[in-house]
Amino acid sequence: MASKFFLFSSISISLLFLLNFILVVHGEIPTTLDGPFEPVTVPFDNSFRGHAVDLPDTDPRVQRRVIGFGPEQITVTLSATHDSVWISWITGEFQIGDNIKPLNPETVASVVHYGKLRFPLNHEATGSSLVYNQLYPFEGLQNYTSGIIHHVRLTGLKPGTLYYYRCGDPSIPAMSDIHFFKTMPVSGPRSYPGRIAVVGDLGLTYNMTSTVGHLISNQPDLILLVGDVTYANLYLTNGTGSDCYSCSFSQTPIHETYQPRWDYWGRFMQPLVSKVPIMVVEGNHEIEAQAGNRTFEAYSSRFAFPSKESGSSSTFYYSFNAGGIHFIMLGAYIAYNKTADQYKWLERDLANVDRSVTPWLVATWHPPWYSSYKSHYREAECMRVDMEELLYSYGVDIVFNGHVHAYERSNRVYNYSLDPCGPVYITVGDGGNREKMAIKHADEPGNCPEPSTTPDEYMGGFCAMNFTSGPAAGKFCWDRQPDYSAYRESSFGHGILEMKNDTYALWTWHRNQDLYNSAGDQIYVVRQPDRCPTQPKVIKLWNTRK
């Protein structure tokens, strides 16, 4: 009798949960099945534009607290699958000035002790280390050399398991305190991390600290940072900064950067990213040109990437699984045309995705293809022209971008037409950096940029022309909020993605000015694999607005 009662109770609870889920999905929170939606623009509140002021180097959260070769700036990143993670950290002090002498990475070992129990940590892994420089061939500019950056890969991990670890060099001795992380769940259609935080264009301002505080309150299991990390390139090498580098320092012989901002950022973020894995893709502020035409040195050196594990030969693009989600991180600042290595890698990666194991396919890169703001309008059009059809043909569900310092969520869209099988594009470049918010829309009178001002400045090429069909035919911009733009708002914040099952994913955008548990924008993204097969096929498009 007891077993029957238990079975009945279990069924009742399951049905009640399902009923509540359906009521929520089809009640208060809209779904993409209800779309396409009439575009919404939230009026800008001028009181939210301030406070984009940098934390000073005297703030205790960015100061060096370790001594000697004690580990700092400790970070966890994922490998391609659940059974492996990377632990990264820095030992030794950076140097900046005229006469710098790089540290020798071989003098400090890269060791991680880890295990399922805090005591003893009965496993050990070793890795590699490096030092990078930021050098300028001009008199008066200060050169920089980093501390020793360590990357160690832990393997053979169990899914969904809490691990404790210490990192450093036990022979000095110089080991960190004990930290912990939790591995991703095993890949499968019913297996997902609880919450995935998505944020972009952070920097290190008081607004950014509010964003990170809100993000921490949502207890994420994974963080996606969609480019523009520290904004170190808004500074001269003497530390002098500006909201607009080119405006204030137009006569500088090379676009300088102040590399200590990277160290400040790493120290500020350590309490979060030493236990919650963070996955980063490069933005334009990571270019940081220096002597010898070298670029992206800080970005490529400071973070660990599952490039090799995912078949990539570059830190600029890679993929990984987190439970039943396959994430694709793409590079907008490396060749992306159909003959490029990145495109060929993307073809292979997509062809190897098993949607019965990872039903959800999420892509990320920095500059958005679908943004209606004047800032960076249609700047990445060449990348869209080259890559959109491939992503669409394999049924990418959601795309996350940054770059534009505002929030915008699209209707499902493909080639500027509303399409029930296109991805939902979400721009979250509103992390709170020093350059402040984007507030002007390209469709407002006087805001449509000249087409000649919108080429891909870094990769070269010009692909943004007047539209030849649809509501904006013959024009470079819409004269109203575009059909593809479902919701846009200029406020700082972050987003949380929660996969409920292999069909429903809840997306919530949180604004910094709201209470921690409030939602600025919220929707269920619903997959329709029967209607939208993942093989190339011509799909009937939605009708656009009249």
Side-chain angles (χ1 to χ4, degrees), residues 48-63 73 75 134 144 197-216 223-237 239-249 255-273 278-288 296 298-299 302-303 333 364 366-368 373 375-376 400-407 427-439 490-495 510-513:
F48 298 143
R49 191 165 174 78
H51 309 298
V53 176
D54 280 316
L55 292 187
D57 57 12
T58 56
D59 191 294
R61 293 170 290 182
V62 305
Q63 292 184 325
Q73 305 180 50
T75 305
Q134 188 78 18
Y144 171 94
V198 187
V199 67
D201 301 69
L202 279 177
L204 191 56
T205 68
Y206 288 100
N207 271 321
M208 172 268 201
T209 65
S210 177
T211 301
V212 173
H214 278 70
L215 186 155
I216 291 172
I223 303 165
L224 298 184
L225 175 48
V226 295
D228 284 0
V229 182
T230 69
Y231 288 80
N233 70 337
L234 290 185
Y235 302 82
L236 298 177
T237 61
T240 303
S242 172
D243 294 344
C244 174
Y245 184 105
S246 60
C247 305
S248 301
F249 311 120
H255 192 122
E256 307 166 46
T257 80
Y258 187 60
Q259 288 296 298
R261 298 298 300 183
W262 280 94
D263 296 287
Y264 302 161
W265 191 90
R267 292 166 187 162
F268 179 88
M269 292 293 287
Q270 176 179 304
L272 173 60
V273 299
I278 183 170
M279 306 304 288
V280 184
V281 71
E282 79 279 4
N284 58 297
H285 283 272
E286 279 73 74
I287 296 172
E288 298 184 319
F296 293 101
Y299 163 82
R302 289 175 178 267
F303 296 105
Y333 305 100
T364 292
H366 185 58
Y373 282 82
S375 176
H376 305 300
F400 291 111
N401 305 115
H403 202 42
V404 176
H405 301 163
Y407 173 74
T427 298
V428 285
D430 55 342
N433 68 81
R434 184 168 182 164
E435 290 183 322
K436 302 182 180 180
M437 290 180 215
I439 59 174
S490 297
S491 288
F492 292 128
H494 76 283
H510 296 274
R511 308 185 310 171
N512 286 0
Q513 66 265 32

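From a predicted model like this one, the values you see are computed outputs, not experimental measurements. The first residue in the sequence is number 1, and the count goes up from there.
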Test ring pair (Phe, Tyr, Trp, His ring centres under 6.0 Å) applied to Y235 - qualifying residues, sequence neighbours left out = none

query = Just how far is it from atom OH of Y299 to atom CD of E286, taken to the nearest 0.5 Å?
reply = 8.0 Å

request  = Identify the heavy atoms of Y333 and G283 that sit nearest to each other, and give their distance.
outcome  = CE1-C, 3.6 Å

task = Check A438 against Y373 and note the closest heavy-atom contact, atom names and distance.
result = O-CE2, 3.5 Å

ask   = Got a sec, which residues hit ring pair (Phe, Tyr, Trp, His ring centres under 6.0 Å) with Y258, two or more places apart in sequence or on another chain?
value = none

remark   = Heavy-atom nearest pair, S491 first then Q513, reads OG-NE2, 3.2 Å

Evaluation steps, side chain to side chain contact (heavy atoms under 4.5 Å, CB included), between M269 and V212 = CA-CA 9 Å; M269 292 293 287; V212 173; 4.1 Å; yes

query = Do L204 and V62 come within less than 4.5 Å of each other through their side chains, counting heavy atoms only?
reply = yes

ask   = Nearest 0.5 Å, what's the OG-CZ distance between S210 and F492?
value = 10.0 Å

request  = Determine, stepwise, if the pair H403 / H376 fulfils ring pair (Phe, Tyr, Trp, His ring centres under 6.0 Å).
outcome  = CA-CA 8 Å; H403 202 42; H376 305 300; 3.6 Å; yes

request  = Check whether any side-chain heavy atom of V229 sits under 4.5 Å from a side-chain heavy atom of H285, and report yes or no.
outcome  = no

Salt bridge present between D54 and R261 (N-O < 4.0 angstrom) = yes

Nearest atoms (heavy-atom pairs only) where G200 meets L225 = CA-CD1, 4.0 Å

ask   = What distance separates R434 CZ from C244 SG, expressed to the nearest 0.5 Å?
value = 11.0 Å

ask   = If you take all heavy atoms of P368 and V404, which pair is closest and at what distance?
value = CG-CG2, 3.8 Å

inquiry  = To the nearest 0.5 Å, what is the distance between CG on L234 and OG1 on T257?
reply    = 10.5 Å

request  = Compute whether any side-chain donor of one residue and acceptor of the other, for Q63 and T58, lie under 3.5 angstrom apart.
outcome  = no

key: Spacing of CE belonging to M208 relative to CG belonging to N512, to within rounding of 0.5 Å   = 11.0 Å

inquiry  = Less than 4.0 angstrom from a charged side-chain N to a carboxylate O is my criterion; do R302 and D263 meet it?
reply    = yes

query = Does the side chain of H214 reach to within under 4.5 Å of the side chain of H494, using non-hydrogen atoms?
reply = yes

inquiry  = Can you tell me how the ring of H405 sits relative to the ring of Y231, calling it parallel under 30°, perpendicular over 60° and tilted otherwise?
reply    = perpendicular

inquiry  = Measuring only between side-chain heavy atoms, which start at C-beta, is N433 closer than 4.5 Å to D228?
reply    = no

ask   = Do the rings of Y245 and H255 sit parallel, tilted or perpendicular, given the 30° and 60° boundaries?
value = parallel

task = Begin with the C-alpha distance, continue with both residues' side-chain angles, and end with the deciding distance and a verdict on side chain to side chain contact (heavy atoms under 4.5 Å, CB included) for E282 and H366.
result = CA-CA 7 Å; E282 79 279 4; H366 185 58; over 6 Å; no

key: Between E288 and W262: side-chain donor-acceptor atoms closer than 3.5 Å   = yes

query = With respect to F400, which candidate in T427, T364, V281 satisfies the side-chain contact (heavy atoms from CB on, under 4.5 Å) definition?
reply = T364

ask   = Does some side-chain heavy atom of T205 sit less than 4.5 Å from a side-chain heavy atom of T209?
value = no

ask   = Hey, does F268 have a side-chain heavy atom less than 4.5 Å from the side chain of L55?
value = yes

inquiry  = side chain to side chain contact (heavy atoms under 4.5 Å, CB included) for V428 and V226? Distances and angles first, verdict last.
reply    = CA-CA 8 Å; V428 285; V226 295; 4.0 Å; yes

query = Heavy-atom distance under 4.5 Å between the side chains of L202 and W265, does that happen here?
reply = yes

request  = Check whether any side-chain heavy atom of M279 lies under 4.5 Å from a side-chain heavy atom of I223, and answer yes or no.
outcome  = no

task = Report the residue from I278, L215, T75 that forms a side-chain contact (heavy atoms from CB on, under 4.5 Å) with L272.
result = L215

task = Would you sort out whether N233 and I287 count as a side chain to side chain contact (heavy atoms under 4.5 Å, CB included), showing the intermediate values?
result = CA-CA 9 Å; N233 70 337; I287 296 172; over 6 Å; no

